[in-house]
Amino acid sequence: MKIALISEYFYPKSKGGTEKYVYELAKKLISEENEVEVITVGPDGMENYHYEDVFVRVIEEENNNDKAVISGTKAARNLNTFATLLAEQQYEQIHFHTLTPAFSLHHIAAAKKTGAIIYFTAHVPAITCIHGDLMQFGQIACDGLILTHRCTACYLSKQSISKPLSKILATTINLINYPKSIANVVSRKKEDLFLLNSLCDQIFIFTTWQKRIFIANGIGEDKLRLTQQMTTPVPDQKDQVRYISKSPGKIRIAFVGRITHEKGIHILLNAIAILATRNLELHIAAIIENKNDPYFQKVMALTKGHSNIYWSYNLNQEEIQGFYQTVDLICIPSIWYETGPYVLYEAFKYKIPVIANNLGDMEIWEQKGYPIELYNDLNELISLLKIIIARYH
């Protein structure tokens, strides 16, 4: 079968979980004797290339900040190029992994017209959330149900408007239906989900919370297929999990991932600062594209003066594997619902115990018997770290 995997993000330009999933999926499909290509975006003039054993086709990226394109009411400038490419290559299956201005519902509709089987994998919460992260007012994890007033107010809060004022403005805007660009934002999200449901033959999800939210917001249960980001080993019995420090006298906790607010590394840093113990080290394998990003600068300020915090940046696959060999514990302090995250699977693969904020499917992994311990707030995280310090030898 000739298959196209569509993702705005792919190696070597970026190195997040979606990129890794698409790459591993491509390799698996190729091993099953399929002809597989990745389609991504790049600057004008960028040529197609091979990333290891995967052929990557490049079309122009969307970066003109057109509000109509960003909202999805207008297609990106690369749509015609994309449609022409599909017509030329005659893919039998087209599998989308991002839903962004670069590859939007317009592109999925164009793919549908080719007669190919259409798949979509939901890697991020933004598929159902106009705030983009399933964080109510950017503060707490949301239940995901699309509600006109609440979602409008939450959307307004992204413009640095206070929560009380956002609620008042949402009431007014929905009452007078003006400005329409804001008044219609929730209805557009509902329409987009309806269209996604109708265009796709199957929608892949990674978590039970995604299934609940998708069904609650109108996606047909028959369209949904629960999968995993990677195969996980059978968990050891909890009494067989060994808590032995790889560096005598030190416990090395690791954070792996993008340095963004929703990933919650500031909470972990605050906990370590409060503990103020030298035998606890934090090793950060950061994915960061812009070191001038305000949140990154804020996080760096939190680490200033702490000699037990170590940074590394944008590690390649070989380097990240070596990184995992040196740490004792993985912390996942995310304050949003994760669709994995990929680091969780890798921790299980390398048999590294995990501590995580109790959101999304984390509790389910604990119930399955994997070495994961959960906390619900900063105080619980600090208490858990104290227990861990006493446990390691």
Side-chain angles (χ1 to χ4, degrees), residues 1-66 68-124 126-127 192 194-204 223 225 227:
M1 179 176 283
K2 189 171 184 179
I3 301 172
L5 305 179
I6 317 296
S7 176
E8 179 175 356
Y9 314 107
F10 196 66
Y11 297 124
K13 179 179 66 175
S14 56
K15 301 177 180 179
T18 298
E19 297 89 320
K20 186 163 188 176
Y21 182 83
V22 171
Y23 175 63
E24 294 296 336
L25 177 59
K27 289 201 301 182
K28 179 177 183 295
L29 292 169
I30 290 169
S31 73
E32 295 169 352
E33 300 185 351
N34 295 289
E35 181 182 351
V36 181
E37 298 177 345
V38 171
I39 301 176
T40 190
V41 295
D44 290 353
M46 183 175 176
E47 295 183 353
N48 301 334
Y49 62 96
H50 279 87
Y51 181 77
E52 297 186 4
D53 50 353
V54 178
F55 182 62
V56 183
R57 293 188 183 274
V58 182
I59 64 173
E60 61 266 36
E61 58 192 351
E62 178 56 51
N63 55 11
N64 66 4
N65 296 318
D66 186 326
V69 174
I70 293 171
S71 69
T73 57
K74 175 182 172 183
R77 64 192 179 104
N78 63 18
L79 180 61
N80 288 337
T81 305
F82 180 73
T84 300
L85 174 60
L86 298 188
E88 290 172 349
Q89 296 302 318
Q90 293 291 297
Y91 300 107
E92 298 166 84
Q93 182 189 110
I94 303 173
H95 190 159
F96 289 82
H97 290 269
T98 48
L99 194 57
T100 62
F103 292 116
S104 67
L105 286 166
H106 298 282
H107 296 75
I108 299 180
K112 186 72 172 178
K113 290 178 181 178
T114 69
I117 298 167
I118 305 300
Y119 288 164
F120 176 76
T121 293
H123 290 269
V124 296
I127 309 305
D192 286 350
F194 177 82
L195 185 57
L196 183 69
N197 186 60
S198 64
L199 290 172
C200 296
D201 294 287
Q202 201 155 67
I203 297 172
F204 291 84
K223 290 285 181 78
R225 181 175 172 183
T227 187

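Predicted model only: the values in this text are computed from it and were never measured.
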Q) Is there a side-chain contact (heavy atoms from CB on, under 4.5 Å) between Leu99 and Ile108 once you walk through the steps? A) CA-CA 9 Å; Leu99 194 57; Ile108 299 180; 3.9 Å; yes
Q: Might you work through the side-chain contact (heavy atoms from CB on, under 4.5 Å) test for Glu37 and Asn48, ending with a clear yes or no?
A: CA-CA 11 Å; Glu37 298 177 345; Asn48 301 334; over 6 Å; no
Q) Can Ile6 and Tyr91 be said to form a side-chain contact (heavy atoms from CB on, under 4.5 Å), step by step? A) CA-CA 12 Å; Ile6 317 296; Tyr91 300 107; over 6 Å; no
Q. Going through the distances and angles, do Lys13 and Val41 end up as a side-chain contact (heavy atoms from CB on, under 4.5 Å)?
A. CA-CA 10 Å; Lys13 179 179 66 175; Val41 295; 3.8 Å; yes
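Of the possible donor and acceptor atoms, one in the side chain of Glu19 sits under 3.5 Å from a partner among the backbone N and O of Gly16. A distance-only check finds a donor-acceptor pair linking the side chain of Thr40 to the backbone of Ser7 [under 3.5 Å]. Checking side-chain atoms of Arg57 against main-chain N and O of Glu47 turns up no donor-acceptor pair under 3.5 Å. Formation of a donor-acceptor pair under 3.5 Å by the Thr98 side chain with backbone atoms of Glu8 is found in this model. Proximity of a side-chain donor or acceptor of Asp66 to a complementary backbone N or O of Ala68 within less than 3.5 Å is detected. Although no hydrogens or angles enter the test, the distance criterion places a donor-acceptor pair under 3.5 Å between the side chain of Lys223 and the main chain of Cys200.
Dense packing is recorded around OH of Tyr49, with more than 12 heavy atoms of other residues, nucleotides or ligands lying under 6.0 Å away. Around the CD atom of Glu33, the shell of radius 6.0 Å holds no more than 12 heavy atoms that belong to other residues, nucleotides or ligands.
Electrostatic pairing of Asp201 and Arg225 does not count as a salt bridge here, judged by no charged N lying under 4.0 Å from a carboxylate O. Under 4.0 Å is where a charged nitrogen must lie from a carboxylate oxygen, and between Glu24 and Lys28 no such pair does.
Note on ring orientation: taking the six-membered ring where Trp is involved, the planes of Phe103 and His107 are perpendicular (angle over 60°, cut-offs 30° and 60°). Tyr51 and Phe10 have perpendicular rings, their planes meeting at more than 60° on a 0 to 90° scale where under 30° would count as parallel.
Rounding to the nearest 0.5 angstrom, the gap separating the NZ atom in Lys27 from the CG atom in Asp53 is 6.5 Å. Atoms CD1 and CG, from Ile3 and Asn34 in turn, are 4.0 Å apart once rounded to the nearest 0.5 Å. With rounding to the nearest 0.5 angstrom, the CG atom of Asp44 is 8.0 Å from the CG atom of Asn63. Note that CG of Leu85 is 4.5 Å distant from CD1 of Ile39, once rounded to the nearest 0.5 Å. Note that CD1 of Ile117 and CE of Met1 are 4.5 Å apart. Values are rounded to the nearest 0.5 Å. Taking NE2 of His123 as the start and CZ of Phe204 as the end, the distance is 10.5 Å to the nearest 0.5 Å.
Leu79 and Ala110 get closest at one heavy-atom pair: CD1-CB, 4.1 Å. Across all non-hydrogen atoms, the minimal contact from Leu199 to Ala109 is CD1-N, 3.8 Å. Here the shortest heavy-atom pairing between Thr73 and His106 reads C-NE2, 3.9 Å. Across every non-hydrogen atom of Ala111 and Leu86, the tightest pair is CA-CD1, 3.6 Å. Here the shortest heavy-atom pairing between Gly42 and Val58 reads N-CG1, 3.4 Å.
Proximity of Tyr11 to Val54: side-chain heavy atoms (C-beta onward) are nowhere separated by under 4.5 Å. Side chains of Ile203 and Phe96 form no contact here, defined as non-hydrogen atoms less than 4.5 Å apart. Counting heavy atoms from C-beta outward, Leu29 and Leu5 have side chains that approach closer than 4.5 Å. Between Phe120 and Ile118 the shortest side-chain heavy-atom distance does not fall below 4.5 Å.
Residues Lys2 and Gln90 have side chains that never bring a donor and an acceptor to within less than 3.5 angstrom of each other.
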